[in-house]
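Take a look at the structure below.
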Amino acid sequence: MSETNNNENSAAPTVRFADFGLAPEILRALSDQGYVHPTPIQAQAIPVVLQGRDVMGAAQTGTGKTAGFSLPIIQMLLAHASTSMSPARHPVRALILTPTRELAVQVAENVKAYAAHTPLRSTVVFGGMDMKPQTEILRRGVEIVIATPGRLLDHVEQKNISLGQVQMLVMDEADRMLDMGFLPDLQRIINLLPKKRQNLMFSATFSPEIKKLAGSFLTNPTTIEVARSNATADKVTQVVYKVAEEQKRDVVEFLIRSRELKQVIVFSNTKIGASRLSRSLEQAGIKASAIHGDKTQQERMAALEAFKKGEIEVLVATDVAARGLDISDLPCVINYDLPYNAEDYVHRIGRTGRAGASGDALSVYSDKDERLLADIEKLIKQTITRGELTGFAPYARGASAGYGGERRARRSGESESRPSRTSSSAPPPRREKVDPWFLKPYEPSTVTRKEAAPTGPASPSSKPKQKVAALLGGLPKP
DNA sequence: AAAAAAC
């Protein structure tokens, strides 16, 4: 919701939502929330969408993308009444696809608020939850559906929903929607849609390869680019700390404590890593929860909710939480692992510094990650400050293999993924009983920053993505 | 090389 509450960023102070010819019901919803001025992406996207044009929209997170497509969609649906009478005079006319369930929920909340004073109905469908309540709502009829791909197709197969009347398609976080894992489902969905429709694609990052692939789904698209492509959020201060691989966990804990336990999201590259780190932090007395794809949907939503409410201090997440999630006032993101895809770095650190606020993005890395760091710096075209850890003392853990004393993973899926360690008959290494450094009184401002020598501007990424290129030729055009 | 997304 706060994505639109960004008046300081408005393109021109004189532009108002009222200038776009939006219906009074929409303007009322906006004024309900105190929104008067559009953000730059909204100021650009709304008129273009209202013209019926396809859009490829590149904008950083926290710039108001969601309202940028939601508001004109609602306007278009209001202006052009449906001619269909089925089902229940509410055929699906706009479809919004997202790569994660939590993002679908968030977008749906926004759409519902913007359409609150209109007769348009919307709902969200996603996996991990009972089909029945979703089915009931779909059968009663909705004009706008926000969905994750798999569950949407499930509903299609069960004839709970027909996509034959969809006039507008949105792909949120389009670069993710177009990656290898999602593309087959996406293609199936697109094949169910009318050929004549309006397509909107939004993402913070559009690599050249994804841009090309996206273009194959769009008709004469208008490109909207608010910040420079692949730019990191302007107000995010980035620091990287090079540490020994075995010390990453302790350093992350140190960084969390050095920030006096203000709320922070910690990103791990793996589900197991996220669970372990979360448990380890909890054992150290830090209120933490993990969110990743091996958790039940209830657990995922509970963790996110607890974090938003401030009930937990640390959310340890995989990239399920990297994109689009709007957590207001998040001051800090920590990368426990550097992401394999440089673009995911941009998405991750975009969780902080949202809606004009400042934020810190701290990353730990070791020798073997130098290449990943180089890729990231190349993508964002800047050298990230190398930080020095002052006052950090490693916590002696006995076994050199990282986390001593970790218990066997609770969830079966997690233990299955690591048979070598968890299925062995040898007892797990025991954590040595030493006086943890973090039980000693903390001395603030021990984390110092050191400017790194600039290495000059990097050239744009030219790493070929053959798989995507192959798909470009291999998949039929919708 | 990993994560996400349907049961």
Side-chain angles (χ1 to χ4, degrees), chain A residues 95-107 124-135 138 145-161 163 171-190 192 203 205 210 245 265-277 290-297 299-301 303-304 315-325 335-348 351 365-366 368-369 371-373 375-376 411 413-414 416-418 463 465-467:
Chain A
L95 177 62
I96 301 168
L97 299 174
T98 72
T100 69
R101 298 164 181 175
E102 285 76 12
L103 188 54
V105 169
Q106 180 182 295
V107 171
V124 58
V125 300
F126 55 96
M129 303 287 279
D130 196 350
M131 286 284 280
K132 268 178 270 171
Q134 297 177 5
T135 301
L138 289 176
V145 169
I146 301 94
T148 49
R151 178 56 68 90
L152 179 70
L153 285 167
D154 203 348
H155 280 296
V156 168
E157 280 163 19
Q158 302 204 16
K159 309 263 190 238
N160 298 331
I161 185 173
L163 300 179
M171 286 181 225
D172 202 6
E173 303 300 337
D175 60 332
R176 175 61 90 228
M177 301 300 297
L178 293 175
D179 86 12
M180 297 295 295
F182 277 108
L183 207 42
D185 274 357
L186 195 68
Q187 191 67 60
R188 289 177 64 202
I189 291 168
I190 285 174
L192 295 164
S203 184
T205 57
I210 291 297
E245 180 66 25
I265 292 186
V266 180
F267 283 104
S268 160
N269 282 357
T270 64
K271 293 178 276 196
I272 286 193
S275 275
R276 285 216 182 109
L277 181 58
I291 182 168
H292 58 67
D294 275 353
K295 297 265 183 194
T296 66
Q297 193 54 33
E299 286 173 322
R300 286 167 58 161
M301 294 192 292
L304 190 58
L315 186 66
V316 189
T318 58
D319 280 322
V320 70
R323 285 158 185 271
L325 289 191
N335 286 310
Y336 170 72
D337 299 310
L338 288 181
Y340 289 118
N341 291 323
E343 294 188 347
D344 286 331
Y345 176 84
V346 178
H347 288 281
R348 287 180 180 184
R351 295 314 99 216
Y365 73 105
S366 68
K368 65 174 179 48
D369 305 319
R371 179 73 223 190
L372 300 177
L373 179 58
D375 286 347
I376 289 166
R411 295 176 46 77
E414 290 167 7
E416 274 163 23
S417 326
R418 272 204 85 188
K463 189 168 58 181
K465 291 190 179 158
Q466 284 135 347
K467 286 189 282 191

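In this text the structure is predicted, and so the values were computed from the model without any measurement. Heavy-atom basis, side chains included; hydrogens, waters and symmetry copies ignored. Below, chain A is the first sequence line, B the second, and so on; all start at residue 1.
Residue A:Arg300 has no polar side-chain atom (N or O) positioned under 4.0 Å from OP1 or OP2 of B:dA3. Taking 4.0 angstrom as the limit, A:Thr148 places none of its side-chain polar atoms (N or O) nearer than this to OP1 or OP2 of B:dA4. Between A:Arg176 and the phosphate of B:dA3, there is no side-chain N or O to OP1/OP2 separation shorter than 4.0 Å.
In this structure, CG of A:Leu186 is placed 13 Å from P of B:dA6, rounded to the nearest angstrom. A straight line from CG of A:Leu178 to C1' of B:dA5 spans 14 Å, rounded to a whole angstrom. Regarding A:Ile291, its CD1 atom lies at a distance of 9 Å from the P atom of B:dA5, rounded to whole Å. Counting to the nearest Å, the C1' atom of B:dA5 and the CD atom of A:Gln297 are 11 Å from each other. Look at CG on A:Asp175: it is 13 Å from C1' on B:dA4, rounded to the nearest Å. One can place CZ of A:Arg348 at 10 Å from C1' of B:dA3, the figure rounded to the nearest angstrom. Going from atom CZ of A:Phe126 over to atom P of B:dA5 covers 10 Å, rounded to whole Å.
The A:Tyr340 side chain lies nearest to B:dA2 when the options are B:dA5, B:dA2, B:dA6. Comparing B:dA6, B:dA4, B:dA1 by their nearest atom to the side chain of A:Asn341 picks out B:dA1.
When heavy atoms are screened at a 4.0 angstrom cut-off, A:Asp319 is found touching no nucleic acid atom at all. Using a 4.0 Å heavy-atom distance criterion, A:Gly181 is classed as a base contact.
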Salt bridge (Lys or Arg N to Asp or Glu O under 4.0 Å) evaluation trace for A:Arg371 with A:Asp375: CA-CA 6 Å; A:Arg371 179 73 223 190; A:Asp375 286 347; 3.1 Å; yes
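Not counting sequence neighbours, the partners of A:Lys368 by the salt bridge (charged side-chain N to carboxylate O under 4.0 Å, His left out) test are A:Glu245. In terms of the salt bridge (charged side-chain N to carboxylate O under 4.0 Å, His left out) criterion, A:Asp154 has no residue partners (sequence neighbours excluded).
Here the straight-line distance linking atom CD1 of A:Ile189 with atom CG of A:Leu97 works out to 5.0 Å at 0.5 Å rounding. In this structure, A:Lys271 NZ and A:Asp294 CG are separated by 4.0 Å, a value rounded to the nearest 0.5 Å.
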